[in-house]
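Step one of this worksheet: look at the structure below.
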Amino acid sequence: MSNNTPENVLESTLQGTLQNIRIVMVHTSHTGNMGAAARAMKVMGLTDLALVNPKSTPDDQAVAMSSNATDILHSATIVDNLKDAISDCQLVVGTSARQDRTLAWDIQDSRSCGELIAKHASTNKAKVAILFGRESSGLTNEELALCQHLVHIPTNPDYSSLNIASAVQILAYECRLAALALATTSATKENSKEEDEWVTADDLDGYFEHLKKVMIDINFIDPKNPRYLIPRLRRLYARSGISRSEMNILRGMLTAIQKQK
Ligand code: SAH
């Protein structure tokens, strides 16, 4: 039996994208947060965790909070400095609990950033790092200087700081959602092949000629006074867009009507 079911193809495309996304936790203090972040990653299909200069390495508390995402914790890369964690990444995104970090930054929200990240990780097959800062003080300006984009999860301005693992959860979710949309679009394109291309302007002209002829034949249109019916129908069809297989159905219906006459 073939394993190439549409669901399997979708899942493997999705995994291919998500494995290019690395969560980088910079100088995290609480090991429980590392475990909770590992869990947040695993439920969304992310696997690549890097810990930069953590206050201590993952311990029992981390394992307890990971709730069986221990594989992510145990395979986490532990490095001394941030540059080593991102050296193979083409895109580096920093996260900030504050929106007004510096005016020099074009701060993105988590949704559009998830889309940007998924696009890089899938279409360009680029490695992407998302950096999360210290629980107490976030990322330093030197660390932010290594990022191409800065993302802020829209939160209450008067109480804007999420627990770091919750922030990981939201960004991992946005990445999965965007990657899923991309994988679904490419799977749909793959399945539909020629059948579902858009029809050309020529095809549409041919269709409307056919439609007009049938409408006249059945006395729905008076050829001496057609009253903009076809231009109005053209607008209606233009609004929805017609694929080749849909056009074949419409043409088939017109031919069936003609046969009844
Ligand atoms: N007092 C720190 C808060 C750090 S919270 C500060 O003002 O920067 C720890 C980390 O969680 C942050 O560095 C960031 O990586 C992440 N985080 C928390 N809230 C966030 C938010 N609203 N948007 C994006 N990231 C957030």
Side-chain angles (χ1 to χ4, degrees), residues 18 21-44 46-58 61-62 65-66 69 72-73 76-86 89 91-118 120-121 127-179:
L18 296 176
I21 302 173
R22 179 174 305 150
I23 298 296
V24 180
M25 299 177 81
V26 180
H27 203 26
T28 309
S29 301
H30 300 291
T31 52
N33 280 337
M34 300 170 196
R39 178 182 186 178
M41 289 170 63
K42 190 166 179 172
V43 283
M44 292 300 156
L46 269 62
T47 49
D48 188 351
L49 174 64
L51 303 171
V52 178
N53 192 19
K55 216 160 184 186
S56 51
T57 49
Q61 177 74 9
M65 291 300 285
S66 76
I72 309 271
L73 267 184
T77 324
I78 302 179
V79 290
D80 287 337
N81 67 74
L82 178 54
K83 282 196 176 157
D84 290 339
I86 59 175
C89 295
L91 181 71
V92 180
V93 175
T95 54
S96 173
R98 283 169 281 157
Q99 194 150 25
D100 58 349
R101 190 91 208 190
T102 113
L103 291 176
W105 282 101
D106 164 29
I107 300 190
Q108 306 214 9
D109 67 37
S110 32
R111 178 125 319 163
S112 52
C113 202
E115 285 163 6
L116 178 89
I117 291 168
H120 268 78
K127 277 249 176 260
V128 183
I130 315 177
L131 315 188
F132 293 85
R134 297 152 189 79
E135 290 95 329
S136 53
S137 55
L139 293 165
T140 63
N141 285 336
E142 292 71 44
E143 287 158 355
L144 285 171
L146 301 173
C147 303
Q148 286 105 326
H149 296 278
L150 189 57
V151 55
H152 169 75
I153 299 162
T155 39
N156 175 0
D158 298 330
Y159 193 72
S160 65
S161 182
L162 286 148
N163 165 268
I164 185 169
S166 305
V168 170
Q169 184 71 84
I170 291 173
L171 275 157
Y173 167 69
E174 291 296 349
C175 290
R176 185 180 178 86
L177 205 65

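Atoms within a ligand are numbered from 1 in the order they appear, just like the ligands themselves.
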Checklist entry - Ile78 and Pro58: which non-hydrogen atoms are nearest, and at how many Å? => result CD1-CD, 4.1 Å
Next on the checklist: My understanding is that we take every heavy atom of each candidate and find the minimum distance to atom 20 (C) of ligand 1. Doing that for Ser166, Ala37, Ala97, Ser29, which one comes out nearest?
Outcome noted: Ala97
Checklist entry - Any N or O on Asn163 sitting closer than 3.5 Å to an N or O of ligand 1? => result no
Checklist entry - Pick from Thr95, Val93, Ile86: which one makes a side-chain contact (heavy atoms from CB on, under 4.5 Å) with Leu131? => result Ile86
Next on the checklist: Can you tell me if Ser136 contacts ligand 1 (heavy atom of the residue under 4.0 Å from the ligand)?
Outcome noted: yes
Item to check | For Ile153, the option from Cys113, Ser161, Ser110 that meets side-chain contact (heavy atoms from CB on, under 4.5 Å) | outcome: Ser110
Checklist outcome for this item: When every non-hydrogen atom of Cys89 is compared with those of Arg22, the smallest separation belongs to SG-NH1, 3.6 Å
Next on the checklist: Please check whether Ser160 reaches ligand 1 - meaning an N/O of the residue sits under 3.5 Å from an N/O of the ligand, judged on distance alone.
Outcome noted: yes
Checklist entry - Under 3.5 Å between some N or O of ligand 1 and some N or O of Ile153? => result yes
Item to check | Under 4.0 Å to a heavy atom of Thr155 - the qualifying atoms of ligand 1, by number | outcome: 22 (N)
Next on the checklist: Any side-chain to backbone donor/acceptor pair from Gln108 onto Val151? Under 3.5 Å, distance only.
Outcome noted: no
Checklist entry - Hey, which atoms in ligand 1 end up nearer than 4.0 Å to a heavy atom of Ala167? => result 16 (C), 17 (N), 26 (C)
Item to check | Intermediate values then yes/no, side chain to side chain contact (heavy atoms under 4.5 Å, CB included), Met44 and Leu18 | outcome: CA-CA 9 Å; Met44 292 300 156; Leu18 296 176; 5.9 Å; no
Item to check | Sub-4.0 Å atoms of ligand 1 with respect to non-hydrogen atoms of Arg134 | outcome: 4 (C), 9 (C)
Item to check | ligand 1 atoms in contact with Arg98 (distance to a heavy atom under 4.0 Å) | outcome: 6 (C), 7 (O), 8 (O)
Item to check | Sidechain-backbone polar pair: Glu115 side chain, Ala178 backbone, donor-acceptor under 3.5 Å | outcome: no
Checklist entry - Ion pair present between Lys55 and Glu135, side-chain N to carboxylate O less than 4.0 angstrom? => result no
Checklist entry - Taking distance alone, with no angle check, do Gly133 and ligand 1 share an N/O pair under 3.5 Å? => result yes
Checklist entry - For the residue pair Gly133 and Ile164, what are the closest heavy atoms and their distance? => result O-CD1, 3.2 Å
Item to check | Contact (N/O only, under 3.5 Å) between Ser96 and ligand 1 | outcome: yes
Checklist entry - Which one of Leu171, Thr95, Ile170 has a non-hydrogen atom at the shortest distance from atom 25 (N) of ligand 1? => result Thr95
Item to check | Check: Leu162 N/O within less than 3.5 Å of ligand 1 N/O | outcome: yes
Checklist entry - Closest approach of Val52 and Asp80, non-hydrogen atoms and distance? => result CG1-O, 4.0 Å
Checklist entry - In terms of atom number and element, which parts of ligand 1 are under 4.0 angstrom from non-hydrogen atoms of Gly138? => result 2 (C), 4 (C), 8 (O), 13 (O)
Checklist outcome for this item: Quick note on ligand 1: atoms under 4.0 Å from a heavy atom of Ile164 include exactly 11 (O)
